Amino acid sequence: MMLLPHEAMLAASQLAAPAAHPLDGTVAGYVWLLPLLPLLGFLANGLLSVTSAAHFGPADPGAGHGPAHPSSPAPHAPSDHGAAGDDHHAVARHRHASLVSLIGPGVLVVAFGLALAIFFAMQGAGEMKAPFIQRYFSWMPVGDLNIDVAFQLDQLSMLMVLIITGVGMLILLFSVGYMRDDPGYPRYFAYLNLFVFFMLVLVLGSSYPLMFIGWEGVGLCSYLLIGFWFSEKANADAGKKAFIVNRIGDFGFLVAMFMMFANFGALDFTGVAAGASQLGLGSVLVTAICLFLFLGCAGKSAQIPLYVWLPDAMAGPTPVSALIHAATMVTAGVYLIARSNILFSLAPVACLVVVLIGALTAIFAASIGLKQWDIKKVLAYSTVSQLGYMFMGVGSGAYAAGMFHLMTHAFFKALLFLGSGSVIYAMHAAYHHTGSHDDAQDMRNMGGMRKYMPITWGLMWIATLAISGIPPFAGFFSKDEILGAVHARHAGSTLDGASLLGVPGGAIMMFCYVLGLAAAFMTAVYMTRMMLYTFHGPNRTGDRERDHLHEAPWIMTGPLVVLGALSAVGGWFNLPSFFPAGRVGALEHWLDPVVGDGALRFTNGAPVEVPASTEYLLVGIAIAIAVAGIALAFVRLKPATLVPKTDAPAEHGFERVLANKYFVDEIYDATIVEPVVATSRGLLWRGIDVGLIDGFTRLLIQSKDDDSAPGSSVQMGGLLTRAVGLVGSTLQSGRVGTYAWVLVVGMLFVLGAFTFR
Amino acid sequence: MPHNNLQLFYVANFYLFGLIAIASAVAFVTRKSPVSAALWLVSTMSALAAMYVMLDAPFIGVMQVLVYAGAIMVVFLFVIMLLNLGHPSEIADARGIWWKLAGGLVGLALLAQIFALTRARLPEALVLPENTVADQIVRTGAIAPLAGPLFHEYLLAFEVTSVLLLAAVVGAVVLGKRKDRDYAR
Amino acid sequence: MLAESLFFSAVLFTVGVVGVLTRRNAIIIFMCVELMLNAVNLSFVAFAQVYGASGQVFVFFVMTVAAAEAAVGLAIIIALFRHRHTVNLSNINLLKG
């Protein structure tokens, strides 16, 4: 394997003394401030939350915000009742609400400003090949292992920082309106600030362990926020599910780190990249590391088979779904692969797995999305599906395309979630007004919202066209680029040369391309379906409630407008070469120093050349499919004939399978959860605990001990321990002199062990 | 130690004070009265201070006299006097003859083991050239070689000891304070 | 003089240990502990002569700890005496759970 120039330079910079970096002495030196700001926000809001808890009592949404939904017997009943425009139960606004709404989004506004300043400093610094690494202190100096707490600023992490702070800022501003009347208002912002802190650590960390800290931290915040209304069991269960499923993925991440350290002796990105470059293309070691890393990605980024937690995660407040479960945290897996591009470029087989899993996830989740009635569930499966696209991109070595889709997806999916949040907010307020307990998230209860929420309607259509891939909206460019990359690499790339389980790589890539097209078609259908059922046709909310439906306050629609603008023009950040105007491939050029070499290796060092005719053909197919999907939805779906949820008939046949998400949860339950519970209960508890241990002690002690009645096995369990303790307690006389003797004699033994070695 | 004609004087004094220290220590553990035991300990500590001077650590020697032989031992004597530990029941504190024999045997075993352990090789690579510390003292004075590491490498430990002392002061006050029920008695 | 210093240090330390084992007066036992600390200090100073002045810094820290220990220990002894009217350890078995 030839050593590409970038790596050669990396290796050289490892040996030589740290050379002067173009960013030295610029505002980039304040990069530590980026994570610190949200952390301070977390501390301040957390303090406000804790100090005022005594006056407010524990946050009890059940009292103030409605009631479980009696009409939905399903165990994972969607229940988003943050939106409480509430005048029945006089829920006092939190005492410190205004202070919290200043701190929570405020720190992010400052952080975003700083991120912009650093971004412009990077632009001003000109060509920047090596990452800007700031070391703060040594974290784990153990033997050969030396891990610094250091932040790495390069084009890739800068992009992520801008997305996190920018989109995060907008979503936090939206939350000010959405969560204002929640008793847990400061707690909510504390968690969100903590999340942003960990997310920034994740993307800024210069080594895998530091990244892992952020990785685990965002998982924690996700858990806390999914179960934000923890007094309802379904929400708490959803949080636990997310946490446990993610542990499976984290196991993969950890094993990958162990293997890296054992074989490369380093865990920072530059060290691992240098170590991996010594190995040949397709070596078993790198493939194994990449597959374990991808297991971690599958957990965090909700890919098959670990995607099941993400739809349930919608139990959290809607802005949380927008920020954590759509725009930022779930894309951490994509970031991880882009960050490890040197590793993945050496493991074509692992990349084939990534592409295949991504494509399967894309179509699988999209098909489930076709038959969901809960507006947030549609968006959740849409997120899973779009994440599959991103993995297709980064898996096929088109890192810039994958990151591009990550960015555009952050825009339009955040917009979709926040827009649905506005709708739910309006629905909830209306239902609250009349005291109705209907499901505020079910699309069968909506309809015709266009009349009441025109701004939201327009913005949501922009996002829908963007995600469906209609030019010139953002999603068209990024999705088209990914599909184009997958198609282009089906021949003449390292992926083509590799094979997976005997199937040639070229065939797999072609198959994935077709799957991607089919998923794009389904995306257009289910998104249009969602828009039609929510905003068009007659209103089904109810006659009394209808009067109370209205547009959300400006603090909520403001961020929507910004996101709408970004969704509309986001594609211009990375225009394809055939596009008549604008700068071609700006984002790709920007990311080139980080991922360029890894990407080139997929095509054996030559840039991808696609004939113009092929390219036009591919683009034409993509547009045709998107238009066909939207048209099909318009033709086939009749919002006018839809009935409210309570009157809806049961589904039949394949529709029923889709509506029940292919019964995957039930299958997991039967094959994994139930056996574990049964083993724990039957064998470990009844068999070993009660039968063996307690039975044994009962035999031993029964004659002596008379104060515990026979049969109360729990009390007898500790008697063996008590007998041993009796011997120990006689040794403990309480006389210091005896202790000194024991001490000295013991010391003689220890010294003797050294002397007579 | 200085490499001049005083060398013999230094070596002789080192042995002399070493023997004084051991003799005083033996006397210290065998005295029945706490007061005379404490005074013998003062003698041991002073002898140790002299040995420090012979070992090129004059400043430590001074500190030994000031802190140990001075402050700490004065506090001990003060407490002995305060508690009036002179009466017969307190003086007859030693254990029986068998305990003493056993103690002596354990002591001998310990000594033998320590000597056996000092055979272990010391890291030669770390040994400084002869008289480095002594020359340093001549050049920069007795305090600088100590103050440098203390306020650079060990600054954190130094600051932490101040916290330790504060905690000790607070603890001593809390423990020594008379409780109300003591007055009631 | 490293070997000689270590010899003296070992002997002083052992004398301290034997004192702790054979005496019952809390104050004397306490003083024996001080003697043991001093013995260790001697070896620190001796090593410092060979390996550099850092060893002397440790003597400093040992002295500080000894001072703190003396303050707290003597306060404990005073409290003990006030409670039991003796400092003879064979009459005291408070360290029992």
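Please read these numbers as outputs of a predicted model, since none were measured by experiment. Chain naming here is simple, since letters A, B, ... match the order of the sequence lines and numbering starts at 1 in each.
For C:Phe7, the parts lying under 4.5 angstrom from a heavy atom of chain B are both the backbone and the side chain. Looking at B:Tyr68, only its side chain comes within 4.5 Å of chain C, counting heavy atoms on both sides. When heavy atoms are compared at a cutoff of 4.5 Å, B:Leu41 approaches chain C solely by way of its side chain, counted from C-beta outward. Both the backbone and the side chain of B:Val26 come within contact range of chain C, each with at least one heavy atom under 4.5 Å from a heavy atom of that chain. Both the backbone and the side chain of B:Ala38 come within contact range of chain C, with heavy atoms under 4.5 Å apart. Contacts of C:Val50 with chain B are made by both backbone and side-chain atoms, with heavy-atom separations under 4.5 Å. In this structure, the portion of B:Ile72 lying under 4.5 Å from any heavy atom of chain C is its side chain and not its backbone. With a threshold of 4.5 angstrom between heavy atoms, B:Tyr15 approaches chain C through its backbone and through its side chain. Within the 4.5 angstrom heavy-atom criterion, no atom of C:Phe44 approaches chain B. For C:Ala48, the part lying under 4.5 angstrom from a heavy atom of chain B is the backbone only. Residue contact with chain C, scored on non-hydrogen atoms closer than 4.5 Å, involves the side chain of B:Met51 exclusively. Within the 4.5 angstrom heavy-atom criterion, no atom of B:Leu166 approaches chain C. Only the backbone of B:Thr30 comes within contact range of chain C, judged by heavy atoms closer than 4.5 Å.
Among C:Val65, C:Leu42, C:Ile77, C:Val11, the residue with the largest count of heavy-atom pairs under 4.5 Å with chain B is C:Leu42. Comparing C:Gly16, C:Gly73, C:Ala3, C:Cys32 by how many heavy-atom pairs each has under 4.5 Å with chain B, the most go to C:Cys32. When B:Ile22, B:Val67, B:Thr161 are compared by the number of non-hydrogen pairs under 4.5 Å with chain C, B:Ile22 comes out ahead. Counting heavy-atom pairs closer than 4.5 Å to chain B, the top residue among C:Val72, C:Val17, C:Leu12, C:Ile78 is C:Leu12. By number of non-hydrogen pairs under 4.5 angstrom with chain B, the leading residue of C:Ala79, C:Ser54, C:Ala39 is C:Ser54. Of all the listed residues (C:Thr64, C:Leu74, C:Val18), the one sharing the greatest number of non-hydrogen pairs under 4.5 Å with chain B is C:Leu74. The most heavy-atom pairs under 4.5 Å with chain B, out of C:Val59, C:Val57, C:Leu37, C:Leu35, come from C:Val57. Contacts with chain C were tallied for B:Ala102, B:Ala168, B:Gly104; B:Ala168 has the most, counting heavy-atom pairs under 4.5 Å.
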When the side chains of residues 146-160 of chain B are checked against the rest of the protein, which donor-acceptor pairs come out under 3.5 Å, sequence neighbours left out?
{"from": "B:His152", "atom 1": "ND1", "to": "B:Gly148", "atom 2": "O", "distance (Å)": "3.1"}

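Side-chain contact between C:Val15 and B:Phe28 is absent, with no heavy-atom pair separated by less than 4.5 Å. Between B:Leu48 and C:Val45, every side-chain heavy-atom pair lies at or beyond the 4.5 Å cut-off. Put simply, the side chain of C:Asn38 reaches to within 4.5 Å of the side chain of B:Gln64, judged on heavy atoms. No side-chain heavy atom of C:Leu6 sits less than 4.5 Å from a side-chain heavy atom of B:Phe115. Between B:Phe59 and C:Gln56, every side-chain heavy-atom pair lies at or beyond the 4.5 Å cut-off.
Note that CD of C:Glu34 is 12.5 Å distant from OG1 of B:Thr44, once rounded to the nearest 0.5 Å. Atom CE of C:Met31 is separated from atom CD1 of B:Ile80 by 4.5 Å, given to the nearest 0.5 angstrom. Here B:Arg31 contributes atom CZ and C:Arg23 contributes atom CZ; the two are 9.0 Å apart, rounded to the nearest 0.5 Å. We find the CG-CD distance between B:Asp56 and C:Gln49 to be 4.5 Å, quoted to the nearest 0.5 Å. Expressed to the nearest 0.5 Å, how far CZ of C:Arg82 lies from CG of B:Leu83 amounts to 9.5 Å.
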Apply the test side chain to side chain contact (heavy atoms under 4.5 Å, CB included) to residues C:Phe13 and B:Leu111: give CA-CA distance (whole Å), side-chain angles for both, the deciding distance (0.1 Å), then the verdict.
CA-CA 9 Å; C:Phe13 187 83; B:Leu111 203 56; over 6 Å; no
Residues B:Phe17, C:Phe8; criterion side chain to side chain contact (heavy atoms under 4.5 Å, CB included); working and verdict:
CA-CA 10 Å; B:Phe17 281 110; C:Phe8 286 131; over 6 Å; no
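The nearest pair of heavy atoms linking B:Gly103 to C:Thr22 is CA-CG2, 4.3 Å. Across all their heavy atoms, C:Ile28 and B:Ala37 have their closest contact at CD1-CB, 4.1 Å.
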